[in-house]
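Structure first, then comments.
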Amino acid sequence: MLVSKIKKVGFNFFRPIIKMKDDETKLFNFKDIFEKIRGEYSQAKEINDLETENHKLVYNYNGEPARLSSIEVDVDTEYYHLVFERLNYQVPTRTTLHGESQALDLDEDEYIGFEVNVLYDPYHQIFMIQRNRDSLGPSGIEIFLRTIIDRYVGQIDGIFNLAIVSDTSAKKRAFNQSAYRKIHIKVTGNKANGIVEKFTKGGNKGVDSVEIIFNSKIEKAEKIDEDFAKKILDEYIDDPEVQKLRIRSRENEDDVVEPIDLIDHKLQTFCEFDYRENRHLNPISVFEKMKLKFDIEDGGFKNKVLRES
């Protein structure tokens, strides 16, 4: 029997920039390139013969092939929906709950694909990229986009990069939350030993780092004690030995719970998906939720990115 499960999927935000020789930067607009690629993909679909299998853009990433498997434009927002896919050589097994495991039977030119969804706003030059453990990460997508520029534009005066958008208001917002649902902290060095001493008699001088997660109960109204949460923030938010400090919280009672990264200050958000364990997330469903997160009036992440840029 298939088991329903909630999956939390994370997203980060990036600006496509060209770093010039004088260290100046400028935004790079992919609209014309993506229109050319979309036209080529659409034309190949219309031909509908064996040659269409060779039309997708493919490149080599860490010794494995990766491809742009799909590119579409949303008719309402005109945002591009790109699906990048890493093609893995490793063959998984299939089985039943109590049955024998068997490797999937794949031909030499067949792979296991791991998809990642990307939203691109061509009017403000913003990428919203899904984060998956087994899919292409932002660095892999950055390299792929660089090869696309080389192919469709040629040499450019500078170096292309995907610049991650920082959350410069993270520290201020962290102290203005009304409900802290999760605190994730990792410290090293003397600070790590100090934490051990708080929880074990005499401490443990062999400990190099300590990672602790405080979670509230799962009910919506539950939260970590506010004084306790802010005491942790006060003590560790500016400490150089703290390697990780993240919270999940909401500012107002009716707000959704959002993550705040207090070390890397990456602007990020999460969406929840109800799926079955042996099914992939539907790219269309993922993109629909991405659009909502990105574009809901002043609270949308598009406006947050523009304020931070």
All side chain to side chain donor-acceptor pair (under 3.5 Å) counterparts of [X], not counting sequence neighbours:
X	answer
Lys230	Glu226
Lys31	none
Asn252	Asp255

Output the rest of the hydrophobic cluster of Leu27: all Ile, Leu, Val, Met, Phe, Trp and Tyr residues reachable through side-chain heavy-atom contacts under 4.5 Å, sorted by chain and number.
Ile17

Look at the aromatic rings of Phe160 and Phe28 and report parallel, tilted or perpendicular, splitting at 30° and 60°.
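Phe160 vs Phe28 ring planes: perpendicular.
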
Between Asp167 and Lys304, does at least one N-O distance fall below 4.0 Å, as a salt bridge requires?
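Judged by the 4.0 Å cut-off on N to carboxylate O distance, Asp167 and Lys304 do not form a salt bridge.
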
Give a yes or no on whether a salt bridge exists between Arg146 and Glu142, defined as a side-chain N under 4.0 angstrom from a carboxylate O.
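Answer for the salt bridge query: yes.
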
Without placing hydrogens or testing angles, list every side-chain donor-acceptor pair under 3.5 Å for residues 242-250, not counting sequence neighbours.
residue : atom : partner : partner atom : Å
Lys244  : NZ   : Glu211  : OE2          : 3.0
Ser249  : OG   : Gln177  : OE1          : 3.0
Arg250  : NH2  : Lys220  : O            : 2.8

Strictly under 6.0 Å, is that where the ring centroids of Phe294 and Phe11 end up?
no

Calculate, to the nearest 0.5 Å, the distance between atoms CE and CD1 belonging to Met20 and Ile159 respectively.
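Met20 atom CE to Ile159 atom CD1 measures 11.0 Å (nearest 0.5 Å).
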
Please report the interatomic distance CD1(Ile183) to CD1(Ile185), rounded to the nearest 0.5 Å.
8.5 Å

With salt bridge (Lys or Arg N to Asp or Glu O under 4.0 Å) as the test, pick out the partner of Glu258 among Arg173, Lys293, Arg181.
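For Glu258, the salt bridge (Lys or Arg N to Asp or Glu O under 4.0 Å) test succeeds with only one of Arg173, Lys293, Arg181, which is Lys293.
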
May I have the list of side-chain donor-acceptor pairs in residues 116-124 shorter than 3.5 Å, sequence neighbours left out?
residue : atom : partner : partner atom : Å
Asn117  : OD1  : His81   : NE2          : 2.8
Asn117  : ND2  : Gln130  : OE1          : 2.8
Tyr120  : OH   : Asn29   : OD1          : 3.2
Tyr120  : OH   : Phe30   : N            : 2.9
Asp121  : OD1  : Tyr123  : N            : 3.0
Asp121  : OD1  : His124  : N            : 3.3
Asp121  : OD2  : His124  : ND1          : 2.8
Tyr123  : OH   : Glu78   : OE1          : 2.2

Is the count of non-hydrogen atoms from other residues, nucleotides or ligands lying under 6.0 Å from Gln155 atom CD greater than 12?
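No, the 6.0 Å shell around CD holds no more than 12 heavy atoms from other groups.
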
Any donor-acceptor N/O pair, Ser178 side chain to Glu251 backbone, under 3.5 Å:
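Answer holds: yes.
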
